[in-house]
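A note on names: the letters A, B, ... follow the listed sequences, proteins ahead of strands, and every chain is numbered from 1. Fair warning: this is a prediction, and the values are worked out from it, not measured in the lab.
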Amino acid sequence: MTILHLLFGRLSVEALPFWEMLHYPSRQNVVNGAIATAAGAVVLGGAGLAVLLITRYRKWRVLWSDWLTSVDHKRIGIMYIVLAFVMLARGLIEANIMRGQMAFALDGGFLSADHFEQFFTTHGTIMIFFMAMPFLTGLINFVMPLQIGARDVAFPVMNSISLGLTAAGAALVMISLDIGKFSTGGWSGYPPYTESAFNPGVGVDYWIWAVSLSSLGSMMTGINFAVTIYKKRAPGMRFMRMPLFTWTALATSILMIFAMPALTVATGLLALDRYLGFHFFTDHFGGNFMNYVNLFWVFGHPEVYILILPAFGVYSEVFSTFSGKTLYGYTSLVLATMAIGVLSFTVWLHHFFTMGQSADINAVFGIATMLIGVPTGVKVYDWLWTMFRGRVRFTVPLVYGLAFSMLFVIGGLTGILLANPSIDYQVHNTQFLIAHFHNMLVPGTLFGLLAGYHMWFPKAFGFRLDERWGMFSALCFIFGFILAFFPLYGLGLLGYPRRTLDFFDPVYLPYMVAAFAGALVILAGLAGLVVQLLVSILHKEELAVPAGDPWDGRSLEWGLPAPPPEYNFSMLPEVSSRDAFTRAKEEGTAYRAPAQFHDIEMPKNSAMGMIVCVGGFLAAFGLVWYIWWLVVAASLAMAAAMVGWGFTRHTERIIPAHEVELAHLRWLAVVAVTQPVSRGEEASPSNAGLAVLETGE
Amino acid sequence: MLLLVVAPVLVATPCFAWRYRYGGSARYTPKWSFSWPLEAAIWGIPLAIVVVLAVWLWQSTHALDPYAPLPATGPPVRIEVVGYDWKWLFIYPDLGVASMGEMALPAGRPISLELTSDTVVESLLIPTLGSQIYAMPGRITRLHLEAYGPGLFQGQNQQFNGDGYYQQHFLARALTPAGFDAWIAHARSKGMPLSAAAYRAIEQRTTLVDARKALGLPRGIRGAVYFSAVPSGLFARIVRSFHDDSTDNPAAH
Amino acid sequence: MSAATPLQHPGINLGPAHPETEGKSGELLFGFWVFLMSDAIIFGLLFATYAVMLHARAGGPGPARLYDIKSAFIETAALLSSSFTYGMASLALKYGRRPGPLLCWLLATMCLGGLFLRLEVQDFITMLHQGAGPGRSGYLSAFFALVPLHGLHVTSGIIWMLAIIGQIARYGVDREVKLGLLRLGLFWHFLDIVWVVIFSFIYLGGLA
């Protein structure tokens, strides 16, 4: 046991991305090494640039006190979404590289098998755990407490800890670009392939710990959201008066609470196999990998509903707000949401119909899978009928919604096809499957989250996003998606498998080229979003909506200034109906000052989130590289912090009534001089966040 | 039938959005949000369709169960399949031969497959012939297939198992009865015995091309390997080796 | 007691005699129950794994040879008694005027918990000496994931108790201490229930 070994575990200079290229300079190694090194350089360069800019503009103190130690759900929500966008960029670039490889595969391609395998693993892992989950968590974090009339979530410090854990997991995935390699086992990590016998390197360990950190964070988030919705609703905000986005947040959080533990167990047992020589899933000594498959998918199926339900919530808000109409079928939508939540736990076996179960078992799960399509279909129809006899405005969120409606049902149709074991036997693990789940995740989850981003951005920052670049971006995403994924249905029916980097039959080529072109268009969409943000910041005076209601919104958050004060509501609202803010506007009670202002108690900042983030990252890094002293030190530090947290007192601060009054009256003064606009002028600079009442008939 | 649910959405979505656009002249009923007949249709029609599909699903799942033998006038040809990283071994236990990289089957007669793996989970699929099924270490799965006429079909592995995954192809040759007998005879006369040494070569984590080299055979891109003599009970011993954790060479008996 | 005071949360409620906990206890305890549910799922899945792997002995020893039922019985008695002593501590918290009895009952709980752990570790060491460690077979892996996980939970509970005693020393029995004791109580009783299931299904079941 040399000193180096003790200090650095199995970390060595060989872990650097250019080491192999320099020592074994074959053409393939050089190409792949160059790609890997470039990626690693981007990570380090990006981090370095961030540090440089923050130092240059002297923002460290502000960063620490206003953001990193903030326990404000709005700030935490924004940070989640920032993380999601960074990871979206990486995930999309990886997708493009993979599709590029496949478009050139007949000529040999440029990626090595090992590199391609890391790509498809990181792409899936990142998009699910570090893009979609943070994005939806961030949206719910920001919006849900405002919608129910609360000042914050139930456990603000735990909220910050969840963010810290997710960020630590993301950092682990990013650092794997600079040091070592990532897993090649896919995002689902099936043993025995991921056991030490077949993959003793750091890759699978990176995956296990990144995913575990993220899932721990999500478990806590689920608890936080559920308790918030149960316990912190404003007076009068009965369950059946909550906006649909809150209902879907509730269903999502329940799923998080019940499904994440299964993932913890699956990856935890795999870790025990790899680190301590247990035999849960090994080939020998009584291991049974089929247990992993069951455990993983008991998590995995509810997980995809965690991904889609918040998007459904966004679409409910989008269709009703941008049709100027009450959401059709509120009760049906609520029932459908909860039904989807419950049913999502009954269908997991459809992910492995081909594993040799009896026809009876396969058929039962196939039928259950089809059943879950019913409430989903109900929702799509309810949104359709929301537009009926409304006044539909083609804003960016609504365009995403329209594209979603049409594309998602096609994906749903293929889902019903796949639910049939006899069909699935033919197309399982082919590109047909890839096309199906991307068909659900891209028009479903991604478009929904982007629509939510566009809709609530003005509330968070006080100015709208540029509509034209938003439309450009949306169209790129929509048509890019169609071009990138519809050919995959054809490829799958022709039998082309997934996770395959090469092919010999030229009949596949046109599909591959089309798919690559589509991927590039999607990337253009992402670029459009970046440009949109920059343009919007440059024009933020024109786009400003300080009065707070740019869309003639229907729920409580639109009755607040943009951005809202830290404590959200100067006085907690008394709710008497659904679409509480629309009701207030109609009754003329919307922009009032309360008779009396009171002191407001808000939680103080806390460094716990950062401690868990850094500690979690270091412990996980130590586990990956067998640097045991680091694992022990980081774990002890976190444990000590937890104990220390118990000793803290005076964790609240008082915001005095006169301060609340000042802020509120200042806002009302802005409202008083704001010109209300009709929906026709919604996208023009004259929209300062106040709506003209446009009643029907 | 599914289009019954999907098509209205595809048609109505752009129609409604356009007809009821802001600035258009259609009726505006901002508070209308419920209708019992519509609810009945929205819940009822998809539910009814699912019920119908469920009945059909139940029947077809049982009818097309890979484990169910196919109707035939005579006994099926038995083939034992072992998945390796990264090739397939096809053992014909009743005929005493085996092959790698190529599976011959008589057209018009069902084949009955028993599958296992020597490494990790794999999945055998011949897309034009029928279903896939996982091949798992220490376990036996079943599959019944039949080619209606002679032909050449591509076979592959559908479950990722490492760097050579994309090369784990094989050729499925559906032959006339005479052609099939000739194939068997060819394997018996021209093939090499599946000795313990040969088995060690097969077990290595190599693709078919490299396995050929290890077995001392000349190079050939799609060259199959034929074995003239297969130790009896080889398949059973491979499966059992995962249960008693033995590391003995299953071919050394 | 006042019959009209509504319950803030399931389990022992401190009631109007402890007004400073009124506002927060409902949310906090509800959240803790939800956390316990997620923990229960983890244990449940590990039980299921154990059940499925019970016969994956790989030619190694099974429950009949390995489980020391006498030791397990004493552990059960210790843990159940510790739940009783914690219950007494909770009552002392709710109705007592001085922290003395509360501290005594907490100490008793810790001692019984510590006894439980010591006996359990002894059992594990014995199994390891017999060559029946987790690396021997799938069945033993399942055993060694489930039972030590429970033990780790008990250990955390004891550390938590120590931390609370530390807080009492520093701040007296203030609001945070009371809320902490309520949650720790739920945690401790939950672990007791999990142990009863372990004892019944793993130990007794293994000898059936």
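- Between chain A and the options B/Val50, B/Leu125, B/Leu3, the largest number of non-hydrogen pairs under 4.5 Å is found for B/Val50.
- Contact check for B/Tyr67 versus A/Ser358: no side-chain heavy atoms found under the 4.5 Å cut-off.
- Between A/Trp385 and B/Phe16, the ring centre distance stays below 6.0 Å.
- Salt-bridge formation is not detected for the pair A/Arg679/A/Glu681: no Lys NZ or Arg NE/NH1/NH2 atom is positioned less than 4.0 Å from an Asp or Glu carboxylate oxygen.
- For the set B/Pro8, B/Ala26, B/Ser123, the entry with the most heavy-atom pairs within less than 4.5 Å of chain A is B/Pro8.
- Ring geometry, B/Trp18 versus A/Phe394: the interplanar angle falls from 30° to 60°, so the pair is classed tilted.
- B/Phe242 touches chain A through backbone and side chain together, each having a heavy atom under 4.5 Å away.
- In terms of non-hydrogen atom pairs under 4.5 Å with chain A, the most contact-rich of B/Thr119, B/Ile45, B/Ile133 is B/Thr119.
- Residue with the most contacts toward chain B among A/Thr184, A/Leu501, A/Val380: A/Leu501 (heavy-atom pairs, distance under 4.5 Å).
- Using a 4.5 Å cut-off between heavy atoms, A/Tyr190 touches chain B through its side chain atoms alone.
- With ring centers used as reference points, A/Phe404 lies under 6.0 Å from A/Tyr315.
- Heavy-atom pairs under 4.5 Å with chain A peak, among B/Gly130, B/Pro14, B/Ser117, at B/Gly130.
- A salt bridge does not link A/Arg499 with A/Glu117: none of the charged nitrogens is closer than 4.0 Å to a carboxylate oxygen.
- The greatest number of non-hydrogen atom pairs below 4.5 Å with chain A, out of B/Leu64, B/Thr141, B/Leu57, is found for B/Leu57.
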